[in-house]
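Written below as structure tokens is the structure these notes are about.
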Amino acid sequence: MNIYNYYLKKISNLIKDKSKDLGLSELNGLKNINLETPPKNFDYDLSSNLCLVFGKNNNLNPLDLANKIKSLLLEKITDFKEIEVAGPGFINIRLSEKALISIINEIFNNEEQFGSKKDNFSYNIEFVSANPTGPMHIGHCRGAIFGDVLSNLLEFNGNKVTREYYINDYGNQIKNFVKSVYLRIREIKYKEKFIDEKDLYPGNYIKEIAQKIIKKNQSNFKSFEKNYEILSQESLKYSMEMIKSDLKKLGISHDSFISEKTIVNSNTVDKAVNKLKNNNYVEEGYLDPPKGEEQKNWKKTKRLLFKSVLFGDDINRALKKNDGSWTYFANDLAYHFDKVSRNYDRLINILGADHTGYIKRIQGAVNALSDNKVNLECKVCQLVKLFKKGSPFKMSKRSGDFITVSDLLSEVNKDSIRFMMLNRSNDVELDFDFDKVLEKSKENPVFYVQYCHARIQSILRLINYNLNEKKVINESKIGFNKFEKEIIRKLFEWPKIIKISSDKYEPHRIPFYLYELSTLFHSYWSKGNEDNNYKFVTNGKIERPSVLIIMNLILIVLKSGMKILNVALPNKM
RNA sequence: GCGUUCGUAGCUCAACUGGAUAGAGCGUCUGACUUCGGAUCAGAAGGUUGAGGGUUCAAAUCCUUCCGGGCGCACCA
């Protein structure tokens with residue numbers, strides 16, 4: 001239950017009913033009024049700007065209006081126990097304990113569902129989509145976790161999510177990759193020296209793939225061309241196995257793998273381009289040479305272009321290469337045509353920072369291909385910088401000249417990686433500090449949140465508490481103290497955090513929130529060290545019911561939160 | 001040059017998407033363990049939110065002009 005929405009609705013309806021009495025003729029501002037938790041220093045549960053908004057719209061003094069509304073609310077909404085008018089015209093509301101208890105009981109009833117928006121949309125989220133030419137590197141890792149947690153979050157809200165991986169198994173990079181494998185095979189079989197040309201892949205993993213292929217196949221591998229089909233099939237297979245295995249270790253598994261090659265071979269490109277042609281989104285035209293660096297090989301030729309300018313792109317984009325074959329973009333466009341045809345409610349792509357410039361054309365393409373019915377949302381994950389002992393760090397180059405996910409996983413566990421990768425907004429660069437992530441202290445947010453959970457579990461063990469018992473408050477009066485009230489207010493915000501995170505596709509708010517919640521608990525707990533009245537356990541028992549209530553509530557939220565993040569929540573540490 | 005994104009305390013970042021006295025962690029300084037997990041907690045200091053202008057009752061947040069950093073600017077993928 002989102003109490004802000006709940007009470008906001010009550011208040012709005014009341015104001016609509018009583019607008020004449022209040023002297024309000026202009027109710028347009030209704031959508032601008034909000035209800036939220038007041039700033040820290042105010043000992044109230046709710047706060048609203050409504051008098052400021054309506055005061056302005058109706059040319060009334062907000063303070064006068066606030067006083068009128070105050071009496072109205074107190075009279076009509078029994079859940080409101082006290083109201084103060086503060087600052088320029090905010091109203092702060094304190095809920096009755098009865099109301100608090102009934103909200104809490106509702107949370108206990110909902111348990112893991114507490115906070116869920118109970119939506120019912122179908123999503124397709126494309127993420128990772130790393131080229132199958134080698135193992136995953138650190139850059140992919142952030143987007144992978146982001147996409148996975150966003151998926152979990154949307155599922156938590158009742159949606160159906162397809163996690164999709166687009167395999168770029170077509171084109172020159174793949175040819176070079178397969179050629180690299182071939183040359184390594186020749187190296188192993190015939191002691192031919194592997195010449196490290198610019199477009200080839202030298203990494204050790206290529207040797208491993210070569211070994212596997214040799215073992216499995218009788219061919220003498222004399223001819224590259226004759227063996228190409230089997231080579232490419234096998235190389236791609238091993239490459240994807242590597243990637244899938246890395247993803248699995250990170251706790252990620254995709255529901256759907258779509259191959260570029262299959263898209264190309266199925267004529268989808270022609271279909272998609274025809275669709276664009278019919279709607280006049282395509283033209284034959286010329287492109288200017290690219291700005292920035294000097295281009296030596298630039299030839300001005302007439303080419304088939306997608307009019308992405310119509311969708312806000314800088315220039316129109318080529319669909320065909322000079323040799324008449326389709327561009328990567330044309331294939332991708334076809335892939336998105338396929339996506340559109342699968343009728344999802346919403347499409348999301350998670351991209352790396354280096355693909356920012358690509359967004360407008362592909363969004364334009366989706367608009368054009370869906371007759372402007374489908375929007376593609378693109379979320380960009382900025383770079384990850386690795387640090388060790390405070391300075392930038394380059395990891396082993398065992399697998400090529402990049403830092404791989406397996407390297408990372410050999411030093412840091414999956415839970416820490418996941419939490420840390422999300423502990424920052426996706427559009428900000430992220431410093432990933434090895435020392436911090438391995439530390440068992442407050443500096444390591446994963447640990448801090450896990451510790452909060454372990455501590456609660458430990459207390460419950462101490463009193464032999466039965467966690468499976470149905471929780472419900474039967475008392476009509478509990479008498480929450482100020483620490484507990486603060487925690488309860490924080491807990492009430494959980495549905496709101498979920499809402500914002502999922503509406504804006506910003507899952508990083510969840511780790512932040514969990515950390516803050518943990519802080520409140522640790523703080524409350526420690527109060528018992530200086531003041532016996534605040535001790536949780538006396539003589540092996542918890543005597544204040546409020547303490548048990550708080551701990552159970554925190555457990556509910558920690559569990560759903562960490563489940564969304566897919567990070568472990570140990571009972572003991 | 002164009003596009004995009006970011007700029008908040010000494011450092012790393014939040015700020016409920018326009019609200020009240022801009023908050024955390026680290027670092028610095030001071031304090032708290034004979035009993036519930038001190039792997040923690042309490043307190044202090046630290047800010048012209050890069051700069052200027054504008055919109056608004058209200059701006060870190062929106063608009064605008066600069067300044068600075070990242071990323072991108074192929075017929076690659």
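Given the structure is predicted, the values throughout are model-derived calculations rather than measurements. By convention in this document, chain letters (A, B, ...) are assigned in the order of the sequence lines, proteins followed by strands, and residues within each chain are numbered from 1.
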Self-check item: In B:U17, glycosidic geometry as syn within 90° of 0 or anti otherwise
Solution: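 Syn, since the glycosidic angle lies within 90° of 0.
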
To the nearest Å, give me how far apart [atom1] ([X]) and [atom2] ([N]) are.
X	N	atom1	atom2	value
A:E260	B:C76	CD	P	11 Å
A:L520	B:G25	CG	P	11 Å
A:I33	B:G18	CD1	P	16 Å
A:L287	B:C76	CG	P	12 Å
A:I174	B:A77	CD1	P	9 Å
A:E486	B:A24	CD	P	10 Å
A:I362	B:A77	CD1	P	15 Å
A:I315	B:G72	CD1	C1'	12 Å

Self-check item: Aromatic contact, A:Y534 with A:F483 (centres under 6.0 Å)
Solution: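 Here the rings of A:F483 and A:Y534 have centres that are less than 6.0 Å from each other.
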
Exercise. Could you tell me whether A:Y166 and A:Y335 have their ring centroids closer than 6.0 angstrom?
Key: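 Yes, close enough.
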
Exercise. Look up atom NZ in A:K496 and atom CG in A:N2, then write down how far apart they are to the nearest 0.5 Å.
Key: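 A:K496 NZ to A:N2 CG: 7.0 Å, rounded to 0.5 Å.
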
Across the strands shown, which category fits [X] at heavy-atom distances under 4.0 angstrom: base, sugar-phosphate, nothing?
X	result
A:N57	nothing
A:N32	nothing
A:V53	base
A:A353	sugar-phosphate
A:Y515	sugar-phosphate
A:I359	nothing

Self-check item: For A:R142, salt bridge (Lys or Arg N to Asp or Glu O under 4.0 Å) partners two or more places apart
Solution: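 If we apply the salt bridge (Lys or Arg N to Asp or Glu O under 4.0 Å) test to A:R142, skipping adjacent residues, there are no hits.
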
Practice problem: Measure the shortest side-chain to side-chain distance between A:V412 and A:F434 over non-hydrogen atoms and say whether it is less than 4.5 angstrom. | Solution: yes

Pick the [atom1] atom in [N] and in [M], then give their distance to the nearest Å.
N	M	atom1	answer
B:A20	B:A15	P	14 Å
B:G23	B:G46	P	14 Å
B:C41	B:G25	C1'	14 Å
B:A44	B:A22	P	15 Å
B:U5	B:U61	C1'	16 Å
B:G50	B:A9	P	8 Å
B:C66	B:C75	P	30 Å
B:C76	B:G19	C1'	49 Å

Quiz item: For A:F90 and B:G19, do the ring centres fall under 5.5 Å apart while the planes stay under 30° apart?
Solution: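 Not stacked: fails the 5.5 Å / 30° test.
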
Quiz prompt | Closest to side chain of A:D427, choosing from B:C75, B:C71, B:U5 | solution =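 Nucleotide nearest to A:D427's side chain: B:U5.
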
Quiz item: Where the side chain of A:N92 is concerned, which of B:C71, B:A20, B:A77 is the nearest nucleotide?
Solution: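 Selected nucleotide: B:A20.
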
Quiz item: Is A:R94 positioned over the aromatic face of A:Y44, cation under 6.0 angstrom from the ring centre and no more than 45 degrees off axis?
Solution: yes

Exercise. Please tell me which of A:K360 and A:N41 maps to the more 5' nucleotide of RNA chain B, matching each residue to the nucleotide holding its nearest heavy atom.
Key: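 Whichever sits nearer the 5' end wins; that is A:K360.
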
Exercise. Would you mind telling me which residue lines up with the more 5' stretch of RNA chain B, A:G352 or A:Y358, judged by nearest nucleotide?
Key: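 Its nucleotide being nearer the 5' end, the pick is A:G352.
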
So that I can tick it off, tell me whether [Y] and [X] are bridged by a salt bridge, with the cut-off set at under 4.0 angstrom between side-chain N and carboxylate O.
X	Y	result
A:D313	A:R317	yes
A:K527	A:D531	no
A:E484	A:R544	yes
A:R424	A:E429	no
A:D427	A:K379	no

Under 3.5 Å, which donor-acceptor pairs do the side chains of residues 32-39 of chain A form with other protein atoms, sequence neighbours left out?
| from | atom 1 | to | atom 2 | distance (Å) |
| --- | --- | --- | --- | --- |
| A:T37 | OG1 | A:Y4 | OH | 2.9 |
| A:T37 | OG1 | A:E493 | OE2 | 2.7 |

Quiz item: Would you say B:C76 has OP1 or OP2 under 4.0 Å from some side-chain N or O of A:K321?
Solution: yes

Quiz item: Taking only side-chain nitrogens and oxygens of A:K40, does any of them come within less than 4.0 Å of OP1 or OP2 of B:A24?
Solution: yes

Quiz item: Using Watson-Crick and G-U wobble pairs whose two distances are both under 3.5 Å, how do you write the pairing of RNA chain B as dot-bracket, with | for links to another strand?
Solution: (((((((..((((.....[...)))).(((((.......))))).....(((((..]....))))))))))))....

Exercise. Please state whether the base of B:G3 and the side chain of A:D314 form at least one donor-acceptor pair under 3.5 Å?
Key: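 There is none.
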
Practice problem: Summarise protein proximity over nucleotides 36-49 of chain B in one line of letters, 5' to 3': B for base, S for sugar-phosphate only, - for none, counting protein heavy atoms closer than 4.0 Å. | Solution: BBBBSSS-------

Quiz item: Where along nucleotides 10-17 of chain B does protein come under 4.0 Å, by heavy atom, of base (B) or sugar-phosphate alone (S), with - for untouched nucleotides?
Solution: --SSSSBB

Quiz item: What pairs of residues pass the ring-ring contact (aromatic ring centres under 6.0 Å, His included) test when at least one of them lies in residues 437-460 of chain A, not counting sequence neighbours?
Solution: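 As it turns out, the ring-ring contact (aromatic ring centres under 6.0 Å, His included) pairs with a partner in residues 437-460 of chain A, which skip direct neighbours, are A:F447-A:Y451, A:Y448-A:Y515, A:Y448-A:H522, A:Y451-A:H522.
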
Quiz item: Where is the tightest heavy-atom contact between A:A130 and A:Y165, given as atom of each residue plus distance?
Solution: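 For A:A130 and A:Y165, the tightest heavy-atom pair comes out as O-OH, 2.7 Å.
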
